[in-house]
Novice: 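One structure follows; several queries about it will come next.
Fair warning: this is a prediction, and the values are worked out from it, not measured in the lab.
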Amino acid sequence: MKRYDAIVIGAGHNGLTNAAYLAKAGLDVLVVERNPYIGGATVSRELYKGWLYSNCSYVCSLLRPEIARDLELPRHGLQVVPYGGGVTFMQNGDYFGNYADHERQHREIARHSQRDANAYDRFQADVTKQTRLIRPFLMRTPPDPTSFKPRDIKELLYLAKAFTDLGEETLADTLRFWTMSIGDFLDEYFETDVLKAHLAGSGIIGTALGVYSPGTAYVLLHHYMGDVDGNIGAWGFARGGMGAVAEALAKALQAYGGEIRVDAEVDQIIVAHGKVKGVALVGGDELHADIVVSNLDPKRTFTRIMAASDLPADVVTKAKNFKIRGSSGKVNIALDGLPTFHGLDRASELMISDMHIIDSMERMERAYDDWKNGTWSQDPYVDMLIPTQVDPTMAPPGKHMMSIFVQYVPPTLATGDWTDADRDAFGKTVIDQISKYSPDFKDLILDAEIRTPRELEDEVGLTEGNIFQGELTFDQLLFNRPFPGYAQYRGPVRGMYLCGSGTHPGGGVMAAPGANAAREIFRDLRRPNLVPEAYADD
């Protein structure tokens, strides 16, 4: 049987990124994927004839431009079409619009509150300051604060300098920001409920926390760190759906000589004498390699595909305690035409933006209360887009596809595990919510794909349906991600690595964990580091 230099488990975007870098360095690399298709959560599928659904992830911004350039993803077909702005529909028939144009944005906020319009620039400046602080760390390996190795000391000094350069006052604000709630943070700037609700959504997406839960302010920052065509904070649609990201990465991998094997679920990572030897597949096949990289989350990796006898007891305990609570659902809808929305002209640029439902902080917090009580939110927070307005490849001419992200949806219900009837009832709740703001929405529905945390775990492998492979709270960031002692992408067994979103810098279609893990593998192999100098930490 053929022996590989490296085997990567999981053909999600981080696994494909990691494998592409390894193959580019000349390693013989195989990616194994349990599904019959690649992409993980970054996938597009035709589940209704003529319509492509971005089944899980739905927008592109966090993908690091350094990686796209280095792996030549545009040459392999990746095209990101930018869009801007957002809108939150209000119960009284009005709406709050978020525009890319600064002057128009000022007028729109002033329509709701002149005081808030004056405060908005200060808010943007303060968030941008935090973004500039954290962005350089996305492509760096976190230091081990207990280590006396020169590279860890050097990295700790780099970290300390970045923070001390902020100055005493800004440093204090930064520490507060990273630990406070998004609700408390916004209260320091604004008085208008709909404006706060509009901005607060970025603080709770994919997170099992409410708008007044400590730590959610950082989650907002995580969503502000991306860029499209050099525009910081901008978002875009991957032409052809989010599966286009995975397809471009796969083509890059294959161009470097790497292989992908689908319908190949890993049963166990093979370990002998404290070193990996390969993987055993469900069905009995064994594949051998001296390097095994897991793109699965830490909990799934250490408690499902590794034997406890091969691991230190503390790793098993830490993996079991790793916070990875699901909180989200996804609904994809094929539409017979473009729906209308109360108060919004069809020609408005806001139609091509993120459209949100829930116009007050109280409604958002009560939506979280439902999650805590073991049911999906009866008045859910909805983040919906119609990408076919700028990407006609996803639906037939004149037709549209709507992507709907929903908070809050628990991984298990108070009544027990999810059933198909529960899933359908959840979907009805979401559709009913949207129809309150769109009179013709229900009449245009041709098909709906409904995904609860059950489907996200069973089909995609996201434990409890957590889209970030672990919560982005302060106790699970930097050298604490996934947990102390294992934040540098190496597992507790020689030759075993982690490259998923459960490692630094976290979730989103960023690909940074995959690239960072490749850099650490190159270090251990003592080979030239082919990761670009733009984010090398030497």
Novice: Test your reading of the model: is there a side-chain donor-acceptor pair from S113 to the backbone of A110, 3.5 Å cut-off?
Specialist: no

Novice: Please determine whether salt bridge (charged side-chain N to carboxylate O under 4.0 Å, His left out) holds for the pair D370 and R366, giving the CA-CA distance in whole Å, both sets of side-chain angles, and the decisive distance to 0.1 Å.
Specialist: CA-CA 7 Å; D370 287 339; R366 290 188 182 278; over 6 Å; no

Novice: Check this for me: Y158, atom OH, are more than 12 non-hydrogen atoms of other residues, nucleotides or ligands nearer than 6.0 Å?
Specialist: yes

Novice: So, is the end of the R519 side chain (NZ or CZ) under 6.0 Å from the ring centre of Y497 and within 45° of the ring's axis?
Specialist: no

Novice: Backbone N or O of D369 within a donor-acceptor pair of the N373 side chain at under 3.5 Å?
Specialist: yes

Novice: Would R104 and E349 count as a salt bridge (charged side-chain N to carboxylate O under 4.0 Å, His left out) if you check the C-alpha gap in whole Å, the side-chain angles of each, and the deciding distance to 0.1 Å?
Specialist: CA-CA 12 Å; R104 190 168 187 183; E349 65 184 83; 3.0 Å; yes

Novice: Between N14 and G500, what is the shortest heavy-atom contact and its length?
Specialist: ND2-C, 4.1 Å

Novice: Residues two or more places apart in sequence or in another chain: which of them pass ring-ring contact (aromatic ring centres under 6.0 Å, His included) with H198?
Specialist: F96, H356

Novice: Just so I know, are the side chains of Q469 and K299 near enough to count as touching, which here means a heavy-atom distance under 4.5 Å?
Specialist: no

Novice: Look up atom CD1 in I182 and atom CG in L186, then write down how far apart they are to the nearest 0.5 Å.
Specialist: 4.0 Å

Novice: Please check if the side chain of D297 supplies one atom and the backbone of R300 the other of a donor-acceptor pair under 3.5 Å.
Specialist: yes

Novice: What donor-acceptor contacts under 3.5 angstrom involve side-chain atoms of residues 402-410, with partners at least two apart or in another chain?
Specialist:
unit_1, atom_1, unit_2, atom_2, d
S403, OG, K330, NZ, 3.2
Q407, OE1, G206, N, 3.2
Q407, OE1, S327, OG, 3.3
Q407, OE1, S328, OG, 2.5
Q407, NE2, I204, O, 2.9
Q407, NE2, T207, O, 3.3
Y408, OH, L209, O, 2.8

Novice: I'd like to know if the side chain of E471 reaches the main chain of K323, judged simply by a donor and an acceptor atom lying under 3.5 Å from each other, with no hydrogens or angles considered.
Specialist: no

Novice: Pair E108, Y95 - check side chain to side chain contact (heavy atoms under 4.5 Å, CB included), show working.
Specialist: CA-CA 10 Å; E108 173 66 5; Y95 63 85; 4.2 Å; yes

Novice: Out of L456, T42, V43, which one pairs with N55 under the side chain to side chain contact (heavy atoms under 4.5 Å, CB included) rule?
Specialist: V43

Novice: What's the verdict on side chain to side chain contact (heavy atoms under 4.5 Å, CB included) for F137 and L159, showing C-alpha distance, side-chain angles and the deciding distance?
Specialist: CA-CA 9 Å; F137 292 99; L159 183 68; 3.4 Å; yes

Novice: With sequence neighbours excluded, give me every salt bridge (Lys or Arg N to Asp or Glu O under 4.0 Å) pair touching residues 121-130.
Specialist: none

Novice: Could you walk me through whether I357 and M384 pass the side chain to side chain contact (heavy atoms under 4.5 Å, CB included) test, one step at a time?
Specialist: CA-CA 9 Å; I357 293 174; M384 55 189 175; 3.8 Å; yes

Novice: Taking only residues two or more places apart in sequence, or in another chain, which ones meet F190 in a ring-ring contact (aromatic ring centres under 6.0 Å, His included)?
Specialist: F123

Novice: Would you say that I67 contacts M139 through its side chain, given a criterion of any heavy-atom pair below 4.5 Å between the two side chains?
Specialist: yes

Novice: Could you check whether any side-chain N or O of N466 sits under 3.5 Å from a backbone N or O of R325, counting only pairs where one atom can act as donor and the other as acceptor?
Specialist: yes

Novice: Determine, stepwise, if the pair F185 / T216 fulfils side chain to side chain contact (heavy atoms under 4.5 Å, CB included).
Specialist: CA-CA 9 Å; F185 180 66; T216 47; over 6 Å; no

Novice: Determine yes or no for a side-chain-to-main-chain donor-acceptor pair under 3.5 angstrom, with W371 supplying the side chain and G326 the backbone.
Specialist: yes

Novice: Any side-chain donor-acceptor pair under 3.5 Å between N516 and T141?
Specialist: no

Novice: Side chains of D116 and Y189: do they bring a donor and an acceptor to under 3.5 Å?
Specialist: no

Novice: What I want to check is whether the side chains of D173 and T170 have a donor and an acceptor closer together than 3.5 Å.
Specialist: no

Novice: Using a distance-only test with no angle check, is there a side-chain donor-acceptor pair under 3.5 angstrom linking S147 and D152?
Specialist: yes

Novice: Side chains of T303 and K320: any donor to acceptor distance under 3.5 Å?
Specialist: no

Novice: When rounded to the nearest 0.5 angstrom, what is the spacing between CD1 in I386 and CG in D391?
Specialist: 13.5 Å

Novice: Apply salt bridge (Lys or Arg N to Asp or Glu O under 4.0 Å) to K318 and list each qualifying residue two or more places apart in sequence or on a separate chain.
Specialist: D314

Novice: Does some side-chain heavy atom of K149 sit less than 4.5 Å from a side-chain heavy atom of E155?
Specialist: no

Novice: State, without any angle test, whether D379 and Q433 hold a side-chain donor-acceptor pair at a distance under 3.5 Å.
Specialist: yes

Novice: Which residues pass the ring-ring contact (aromatic ring centres under 6.0 Å, His included) test with F479, not counting sequence neighbours?
Specialist: none

